There are 2 protein chains.
Amino acid sequence: MALASVNLTKNQKTVLDILENSSEPLKAYTILFDIQKKGIKSPLQVYRALDKLIEIGKVHKIESRNSYVACKHEGCNAKTSTSFLICENCDSVTELTGNNLFSYFSKQAEKNNFNYKKHNLEIFGLCENCKLKN
Amino acid sequence: MALASVNLTKNQKTVLDILENSSEPLKAYTILFDIQKKGIKSPLQVYRALDKLIEIGKVHKIESRNSYVACKHEGCNAKTSTSFLICENCDSVTELTGNNLFSYFSKQAEKNNFNYKKHNLEIFGLCENCKLKN
DNA sequence: CTTAAAATGTTATATTATAACATTACAATA
DNA sequence: TATTGTAATGTTATAATATAACATTTTAAG
């Protein structure tokens, strides 16, 4: 079995490609409108590709924005958990990697007798560029 | 100016009431269907009440589930930031309060030259009850 | 009282996502 | 290579979530 990325199907590659070439997260219907020339005609085709890409960790969903972003980390282990810095000014998104987050959240959960499995974290504020401009 | 809770309007009270008496987060249309006997007829009436309740911190939205939960903390300051433990088995939700989260996230953001303003955190796993049952 | 801001009621519509089902591609292996 | 089971596809329809627009009413402060 080769790497997951090698096995992507046509639709999956098409969707991943547009996400990887975007400087910001994209919405499912934005993706759809942008690639209707490439053989994808229905929302379901986009959502199915996204589901698969999320499953293998190549794409993450940003829940509070209903948008999707390609993961830039080679062997990203964030198949389940995600942590983002989201700029309220320019909408840029940076993924946090340091996995001390995992152990920190485990401890927080522990205090409540809760068994940590995974998390979504979205931090909002100003990115470096926008801080300087304001 | 009295406390915000005193100033709630009829629709806002109706929506808050159903959320406070629910053991789990509710979706907007679930709320709508449940209270159509109380004079609320359209989705917009529910969403407007929710918007206001969220604004004053009496209700929080759980982004990954498109659902809403009443805040049980008297003077909840989570008007903007929220932190939840969400049980994957029974869908129960507990809100985290310890605001060491704030300073922790500030530091994480700082490392990326990002100016922290607020956050949403959703931790998934098993609650105490469901841990024992499994 | 007056008045300005907020909330309401209502209809329509936009946005996000999935159901259902028939068909096709594809890799493993007998 | 023929078989076969799994995954992916294509397509139409529809479900679920949320907002636009606008006329009207309520409310609370001065």
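Letters A, B, ... mirror the listed sequences (proteins, then strands); counts begin at 1. Worth saying up front: this structure is predicted, and the values here are computed from it rather than measured.
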### Message
So for A/Y29 and C/dA14, does any side-chain atom that can act as donor or acceptor lie under 3.5 Å from a complementary atom in the base?
### Response
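There is none.
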Atom-pair distance ([atom1] on [X]; [atom2] on [N]), nearest Å:
X: A/Q45; N: C/dA25; atom1: CD; atom2: C1'; value: 15 Å
X: B/N11; N: D/dT26; atom1: CG; atom2: P; value: 13 Å
X: B/R48; N: C/dT11; atom1: CZ; atom2: C1'; value: 12 Å
X: B/I54; N: D/dA18; atom1: CD1; atom2: P; value: 9 Å
X: B/L32; N: C/dT8; atom1: CG; atom2: P; value: 15 Å
X: B/R65; N: C/dT16; atom1: CZ; atom2: C1'; value: 18 Å
X: A/D51; N: C/dT16; atom1: CG; atom2: P; value: 16 Å
X: B/L50; N: D/dT19; atom1: CG; atom2: C1'; value: 14 Å

Would you indicate which nucleotide in [options] comes nearest to any side-chain atom of [X]?
X: B/T9; options: C/dA7, D/dT9, C/dT16; value: C/dA7
X: A/L44; options: C/dT10, D/dT17, D/dT12; value: D/dT12
X: A/K61; options: C/dA17, C/dC21, C/dT8; value: C/dA17
X: A/K10; options: C/dT10, D/dT17, D/dG10; value: D/dG10

### Task
Give me the ring orientation class for A/Y116 and A/H119: parallel if the planes are under 30° apart, tilted from 30 to 60°, perpendicular past 60°.
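Answer is tilted, since the angle falls between 30° and 60°.
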### Query
Do the ring planes of B/Y104 and A/Y104 sit parallel (below 30°), tilted (30 to 60°) or perpendicular (above 60°)?
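B/Y104 and A/Y104: parallel rings.
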#### Entry: Presence of A/K52 side-chain N/O under 4.0 Å of D/dA8 phosphate oxygens OP1/OP2
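Yes, such a contact exists.
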### Query
Would one find a side-chain N or O of B/N66 under 4.0 angstrom from OP1 or OP2 of D/dA18?
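Yes.
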### Message
With a 3.5 Å distance limit and no angle check, can you tell me whether A/K38 reaches the backbone of A/V15 through a side-chain donor-acceptor pair?
### Response
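Not a single qualifying donor-acceptor pair exists.
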### Query
If only atom types and distance count, is the side chain of A/K131 paired as donor or acceptor with the main-chain N or O of B/N113 below 3.5 Å?
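Judged by distance alone, yes, a pair lies under 3.5 Å.
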### Query
CZ of B/F124 to OG of A/S81: how many Å apart, nearest 0.5 Å?
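Atom-to-atom, B/F124:CZ and A/S81:OG are 9.0 Å apart.
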### Message
If you assign each of A/A49 and B/K27 to its closest nucleotide in DNA chain D, which residue comes earlier from the 5' end?
### Response
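Between the two, 5'-proximity favours A/A49.
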### Message
Which is more 5' along DNA chain D, the nucleotide nearest A/Q12 or the one nearest B/Y47? Just name the residue.
### Response
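Upstream on the strand: A/Q12.
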